[in-house]
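Note that the coordinates shown come from a computational prediction; the quantities given were computed from them, not determined experimentally.
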Number of protein chains: 2
Amino acid sequence: MGGMPTSRSYGDACSIARALDVVGERWSLLVVRELLLGPQRFSDLRRALPGASSNMLTDRLRELESHDVVARSPAGYELTESGRGLEPVVLALGGWGMRFPLPADAHLSATSVLLFLRGSRDPGSRATYRIELGDRAWAVTAGDGPLHIETGAPVHADAGLRTDPATLNALLDGSVTLAAARAAGTAALSGDEAALKRLLEPSASS
Amino acid sequence: MGGMPTSRSYGDACSIARALDVVGERWSLLVVRELLLGPQRFSDLRRALPGASSNMLTDRLRELESHDVVARSPAGYELTESGRGLEPVVLALGGWGMRFPLPADAHLSATSVLLFLRGSRDPGSRATYRIELGDRAWAVTAGDGPLHIETGAPVHADAGLRTDPATLNALLDGSVTLAAARAAGTAALSGDEAALKRLLEPSASS
DNA sequence: CGGTATCCTTTGCGATACTG
DNA sequence: CAGTATCGCAAAGGATACCG
């Protein structure tokens, strides 16, 4: 066989070590990250994690499946309820990781920019957005409480943005304006542009 | 050389991946766990993580040092301020990991039982305890707010407990009583025994 | 005690090709 | 498209011995 699902254990009774027995392998938590916003297909995951080979990805998915962290559904791979329990862990890790510089030739997945969007904005007013990145779409819903983001285009959207992960990231960190991105042809807008500005412009939250 | 500090990167711009570039290697987060309650010497870490070879531990410590997660002090290795920022991450991981069964032949480190103690009790009244496990001691301080635990014996203690990690764990999960452990010779008590019972007896917190 | 050096085995994992 | 099979190597990491 190519690579039996790894099942190395730390042999440590601590629940931290037991968690790492399950998601501590290389790539595992990045697969979880990719699934945090909804189901993804194998090919989506491969594009999101270009450094991971086909075999690697299969191994990790099988391993996560065997521990009931990930399950297969008609829509592809998705987190189980247990897997969704990792969301606070992964987000906390991301908060901590912001202190480190970008690696050279860094790739940026659609999901990771959207997670950053969700974590860094606190929307003032209700609106629904359609965000298209590459050939996939997400529904972003601003209402009371935190932003809600899920895979798939929304039925109705007040505004739409079509761009790529790098440009979206530049919009979020303020290094590019919506107007500039549109002028450069790297972003296309539709609908309520004022609402889009509210969503994308850096907001100093607590 | 034996093993140059690993510096493999995911090449992913996401802060989650950057965090994993730093603490995602095997054993790294368990080293961090061990340092969460205070400085430890190399030999303490080796005893706490018997599955890790001498070389491995050196490699991980150097790697964590190079990223300013761990620093060396007269007292041994300790977390830097940046490293202390991992505490919520590691504790969240531990909370999630409780759903998985114990591995066979599981080892139990002193620190991991004490972290469990800290996380699972909400003390009713002020008291200071001296907990001795093996040849090391910790100061446990109950006051307002969460339990405080740090390495080293307290100057004054209202009560003392001398036992081993496995027995302490059994006391905490209620499978053994203080009286039984004392009778079996696996635990020795001193000082205010009522206070010890309050500390150790399972308390149903929220 | 607090590590390094050396050796050697294991295996993670990348590349490529192939299949339902 | 969604993987599996085979091959091969570089690197991870265990054992043991050694050193300031």
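Residues of residues 30-38 of chain A having a heavy atom closer than 4.0 Å to DNA chain D: none are found.
Between the side chain of Asn55(B) and the base of dT6(C), a donor-acceptor pair under 3.5 Å is found.
Counting only residues at least two apart or in different chains, salt bridge (Lys or Arg N to Asp or Glu O under 4.0 Å) contacts with residues 29-50 of chain A comprise Arg33(A)-Asp12(B), Asp44(A)-Arg47(A), Asp44(A)-Arg136(A), Arg47(A)-Asp135(A). Pairs passing the ring-ring contact (aromatic ring centres under 6.0 Å, His included) check and including a residue from residues 73-123 of chain A, sequence neighbours excluded, read Trp96(A)-Phe100(A).
Salt-bridge check for Arg84(B) with Glu87(B): failed, with every basic side-chain N at 4.0 Å or more from each acidic carboxylate O. Using a cut-off of 4.0 Å between Lys/Arg side-chain N and Asp/Glu carboxylate O, Glu193(A) and Arg182(A) are scored as salt-bridged.
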Trace of the side chain to side chain contact (heavy atoms under 4.5 Å, CB included) decision for Arg121(A) with Leu172(A): CA-CA 9 Å; Arg121(A) 314 285 132 160; Leu172(A) 294 178; 3.7 Å; yes

Pick out the pairs of N or O atoms, protein on one side and nucleotides 1-3 of chain C on the other, that lie under 3.5 Å.
from, atom 1, to, atom 2, distance (Å)
dG2(C), OP1, Arg41(B), NH1, 3.3
dG2(C), OP2, Ser43(B), OG, 2.9
dG3(C), OP1, Arg72(B), NH2, 2.2
dG3(C), OP1, Tyr77(B), OH, 3.2
dG3(C), OP2, Tyr77(B), OH, 3.2

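Here the OG1-CH2 distance, from Thr111(B) to Trp138(B), works out to 5.5 Å after rounding to the nearest 0.5 Å.
dG3(D) atom P lies 16 Å from atom CZ of Arg60(A), rounded to whole Å. Protein atom CZ of Arg26(B) is 15 Å distant from nucleotide atom C1' of dA11(D), rounded to whole Å. Protein atom CE of Met56(A) is 17 Å distant from nucleotide atom C1' of dT16(C), rounded to whole Å. One interatomic measurement links the two molecules: OH of Tyr10(B) to P of dC13(C), which rounds to 8 Å at whole-angstrom precision. One can place CD of Glu25(B) at 7 Å from P of dA12(D), the figure rounded to the nearest angstrom.
Checked against Val69(B) for a side chain to side chain contact (heavy atoms under 4.5 Å, CB included), the options Leu61(B), Leu35(B), Val31(B), Leu86(B) give a single hit: Leu86(B).
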Show which side-chain atoms of residues 144-156 of chain B pair as donor or acceptor with protein atoms under 3.5 Å away, not counting sequence neighbours.
from, atom 1, to, atom 2, distance (Å)
Asp144(B), OD2, Arg126(B), NH2, 3.2
His148(B), NE2, Glu150(B), OE1, 3.4
His156(B), NE2, Asp158(B), OD1, 3.3

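Side-chain atoms of Leu117(B) and Leu199(B), non-hydrogen and from C-beta on, do get closer than 4.5 Å to each other. Two residues are said to be in side-chain contact when any heavy atoms from C-beta on lie closer than 4.5 Å; Leu91(B) and Arg118(B) meet this criterion.
The backbone N or O of Ser54(B) lies less than 3.5 Å from a partner atom in the side chain of Thr58(B), making a donor-acceptor pair.
Within the 4.0 angstrom heavy-atom criterion, no nucleotide atom of any strand lies near Gly76(A).
An end-to-end axis angle of 50° holds for the helix from dC1(C)-dG20(D) to dG20(C)-dC1(D), taken from five base pairs per end and rounded to 10°.
Listed pair Arg8(A) / dT11(C) fails the phosphate criterion, with no side-chain N or O lying under 4.0 Å from OP1 or OP2.
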